[in-house]
Visitor: 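Below you will find the structure I want to go over with you.
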Amino acid sequence: MDTQGKTITCQAAIAWGKNSISIEEVQVEPPKTGEVRIKLISSGICGTDDHVLKGELPMKFPLVPGHEGAGIVESIGNGVSSVKPGDKVLTLIIPQCGECSFCLHPKGNFCDKQDVLPCSGLMLDGTSRFSCKGEKIYHSFRVSTFTEYTVVPEIAVAKIDAASPMDKVCLISCGVPTGYGAAVRSAKVTPGSTCVVYGLGGVGSAIVMGCKASGASRIIGVDINEEKFPRARALGVTDCLNPRALQKPVQEVVMEMTGIGVDFAFEAIGHIETMVSAWNSCNNSYGVCVIIGVASPDSKLCLEAIKIITGKTLKGVCLGDYKTRDCIPQIVSDYLQNKINIDPLVTHQLPFKQLHKALELYHAGKTIRCVLLF
Ligand code: PAD
Ligand code: ZN
């Protein structure tokens, strides 16, 4: 059936408000100028989606959640030149418009056209492409992926190798570059160094992969869920710590284990307490603390101000500091050439219709990444 230029009726998840999600029949309008309509093949469930579903980020409801998607271009709007129907693509939570001050600068990747901070829930022209029973439904970060079809700005689409296995590469849309890039690009982990990773979920696991690939000699993994430890060890974690099973604060244990503190600390949970622990796990002088976890917008980070003069560095990073459209297709190619292995991160795959079961497995701490298949 030719769907080009027509509204498509399909199944999509709708978050109606905090902790209220259901699969519904929705209408997806055709792409407007500069937009691409994508038939999703797979979508990961990322920690950021969990924040959205719990209402921890200031998003407008009802919305179609999800952002870690892989799919095939169904149709394109006027002026779209970088992709065509049939192309395999990833959705990009951080777009690359190529025109703003941030895209034009060699450093950084936080494109001005992103819809994360703040989230409007609307496309660039200020309207939505989703509706359900006549009601307007918002987008999440302009890349909703818990849906059979989505509309995304062309600047938030990366064309990937035609040989990509579509049931797994969705992780390269967010979790893998976020974690791997935090280690190799943002922290610039050095051979022989010591690292600590707070949070051993999907993003934390990719951080561990990046630390290992950079030649770190010791990688301490911290998580309150000990079920995460065997998989973390298999990826390169040398020591596992459960803060709830320790007699003293975890940063003090890290300090004792390393003598002076680690060279590189990462926070991939999104809590201010663990961000402070990560900062206090770094050595004074040249320690580097990288925050990846997304904290709630009203929370404030409180640090001992005097410590900053020791020379240690605190920084944050989004999507691994990759200029997304330029760099993410290359990570897919690296995966196809066995230079990076994302397979151990895909612990579960379920049909989209079993979204509730997938979310249960996520909340029970059973998954690293559960991939929804359409
Ligand atoms: P995840 O749920 O897969 O992993 C989180 C892990 O943290 C789990 O293993 C938990 O058991 C563990 N955890 C929870 N609380 C604690 C605690 N108090 N102490 C120790 N461990 C704990 O999520 P994820 O890996 O997909 O995402 C992690 C964070 O990274 C989350 O805040 C998400 O929003 C953020 C993120 N940031 C970016 C970015 O570009 N900066 C991209 C993607 C995700
Ligand atoms: Zn994500």
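Counting from 1, the numbers follow the sequence of the chain as shown. Note that ligands are numbered from 1 as they come in the structure, with each ligand's atoms numbered from 1 the same way. Heavy-atom basis, side chains included; hydrogens, waters and symmetry copies ignored.
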Visitor: Measuring from the heavy atoms of Thr367, does anything fall under 4.0 Å of ligand 1?
Guide: no

Visitor: Of the listed options (Asp223, Leu319, Val52), which comes nearest to atom 8 (C) of ligand 1 when hydrogens are ignored and any heavy atom counts?
Guide: Asp223

Visitor: Report the nearest protein non-hydrogen atom to atom 1 (P) of ligand 1: residue, atom name, distance rounded to 0.1 Å.
Guide: Tyr362 OH, 3.8 Å

Visitor: Just verifying a value: how many Å separate Ile94 CD1 and Asp321 CG, rounded to the nearest 0.5 Å?
Guide: 11.0 Å

Visitor: Say whether Gly365 and ligand 1 are in contact under the criterion: heavy-atom distance to a ligand atom below 4.0 Å.
Guide: no

Visitor: I'd like to check which ligand 1 atoms, numbered from 1 as shown, lie under 4.0 Å from a non-hydrogen atom of Val203.
Guide: 24 (P), 25 (O), 26 (O), 27 (O), 43 (C), 44 (C)

Visitor: Nearest heavy atom to atom 38 (C) of ligand 1 wins, so pick from Asp321, Asn242, Thr178, Ile207.
Guide: Thr178

Visitor: Check step by step if side-chain contact (heavy atoms from CB on, under 4.5 Å) holds for Ile137 and Glu24.
Guide: CA-CA 11 Å; Ile137 308 294; Glu24 306 284 348; over 6 Å; no

Visitor: State whether the shortest distance between N or O atoms of Thr274 and N or O atoms of ligand 1 falls below 3.5 angstrom.
Guide: no

Visitor: Please list, in number order, the atoms of ligand 1 under 4.0 Å from a heavy atom of His51.
Guide: 31 (C), 32 (O), 33 (C), 34 (O)

Visitor: Please write down residue, atom name and distance for the protein heavy atom closest to atom 44 (C) of ligand 1.
Guide: Thr48 OG1, 3.2 Å

Visitor: Tell me the nearest of Ala268, Gly47, Gly202 to atom 28 (C) of ligand 1, using heavy-atom distances.
Guide: Ala268

Visitor: Counting both backbone and side chain atoms, is some N or O of Pro243 under 3.5 Å from an N or O of ligand 1?
Guide: no

Visitor: Are Phe130 and Ser144 close enough, and set up right, to give a side-chain contact (heavy atoms from CB on, under 4.5 Å), and what steps lead you there?
Guide: CA-CA 10 Å; Phe130 294 116; Ser144 300; 3.8 Å; yes

Visitor: Do Asp167 and Ser42 have side-chain N/O donor and acceptor atoms under 3.5 Å apart?
Guide: no

Visitor: Where does Cys174 meet ligand 1, judged by heavy-atom distances below 4.0 Å: at the side chain, the backbone, both, or neither?
Guide: side chain

Visitor: For ligand 1, which atoms have a heavy atom of Gly199 less than 4.0 angstrom away?
Guide: 7 (O)

Visitor: In plain terms, say whether Lys228 and Asp223 are close enough for a salt bridge, that is, a side-chain N and a carboxylate O under 4.0 Å apart.
Guide: no

Visitor: Nearest 0.5 angstrom please: Leu171 CG to Ser43 OG, how far?
Guide: 9.5 Å

Visitor: Quick one: which ligand 1 atoms are inside 4.0 Å of a heavy atom on Lys228?
Guide: 8 (C), 9 (O)

Visitor: Among protein heavy atoms, which lies nearest atom 21 (N) of ligand 1, and at what distance?
Guide: Ile269 CD1, 3.3 Å

Visitor: For Thr127 and Asp125, does a side-chain donor sit closer than 3.5 Å to a side-chain acceptor?
Guide: yes

Visitor: Give me the residue, atom name and distance of the protein heavy atom closest to atom 18 (N) of ligand 1.
Guide: His271 ND1, 3.7 Å

Visitor: Which residue, Leu53, Ile368, Thr367, Asp49, forms the side-chain contact (heavy atoms from CB on, under 4.5 Å) with Tyr362?
Guide: Thr367

Visitor: Quick one: OG1 on Thr274 to OH on Tyr198, what's the gap to the nearest 0.5 Å?
Guide: 8.5 Å

Visitor: If I take atom CG from residue Leu319 and atom NE2 from residue His67, how far apart are they, to the nearest 0.5 angstrom?
Guide: 7.5 Å

Visitor: Side chain, backbone, both or neither: which part of Tyr198 comes within less than 4.0 Å of ligand 1 when only heavy atoms are counted?
Guide: neither

Visitor: What distance do Leu345 atom CG and Tyr180 atom OH have between them, rounded to the nearest 0.5 Å?
Guide: 11.5 Å

Visitor: Would you mind telling me if ligand 1 is within reach of the side chain of Ile224, the backbone, both or neither, using heavy atoms under 4.0 Å?
Guide: both

Visitor: For atom 4 (O) of ligand 1, what is the closest protein heavy atom, and at what distance to 0.1 Å?
Guide: Gly201 CA, 3.3 Å

Visitor: Should the proximity of Glu273 to ligand 1, defined as any heavy atom under 4.0 Å, be assigned to the side chain, the backbone, both, or neither?
Guide: neither

Visitor: Could you list which atoms of ligand 1 come closer than 4.0 Å to a heavy atom of Gly293?
Guide: 29 (C), 30 (O), 32 (O), 35 (C)

Visitor: Could you tell me whether some N/O pair between Asn225 and ligand 1 is separated by less than 3.5 angstrom?
Guide: no

Visitor: Quick check: does Cys318 get an N/O under 3.5 Å from an N/O on ligand 1?
Guide: no

Visitor: Tell me, with the steps shown, if Asp298 and Glu56 meet side-chain contact (heavy atoms from CB on, under 4.5 Å).
Guide: CA-CA 10 Å; Asp298 51 356; Glu56 292 167 350; over 6 Å; no

Visitor: Would you mind listing which atoms of ligand 1 come within a distance below 4.0 Å of any non-hydrogen atom of Gly270?
Guide: 32 (O)

Visitor: To the nearest 0.5 Å, what is the distance between CD on Glu267 and OG on Ser281?
Guide: 11.0 Å

Visitor: For Lys307 and Asn284, what are the C-alpha separation, side-chain angles and deciding distance, and is it a side-chain contact (heavy atoms from CB on, under 4.5 Å)?
Guide: CA-CA 8 Å; Lys307 288 267 182 74; Asn284 288 326; 3.8 Å; yes

Visitor: To the nearest 10°, what's the angle at the Zn ion (ligand 2) between atoms NE2 (His67) and SG (Cys46)?
Guide: 110°

Visitor: Can you tell me which portion of Val317 lies within the under-4.0 Å heavy-atom range of ligand 1? Options are side chain, backbone, both, or neither.
Guide: backbone

Visitor: Hydrogens and angles aside, do Ser140 and Arg142 bring a side-chain donor and acceptor to less than 3.5 Å of each other?
Guide: no

Visitor: Regarding Ser82 and Arg325, is there a side-chain donor-to-acceptor distance under 3.5 Å anywhere?
Guide: yes

Visitor: Is there a nitrogen or oxygen of Ile292 sitting under 3.5 Å from a nitrogen or oxygen of ligand 1?
Guide: yes

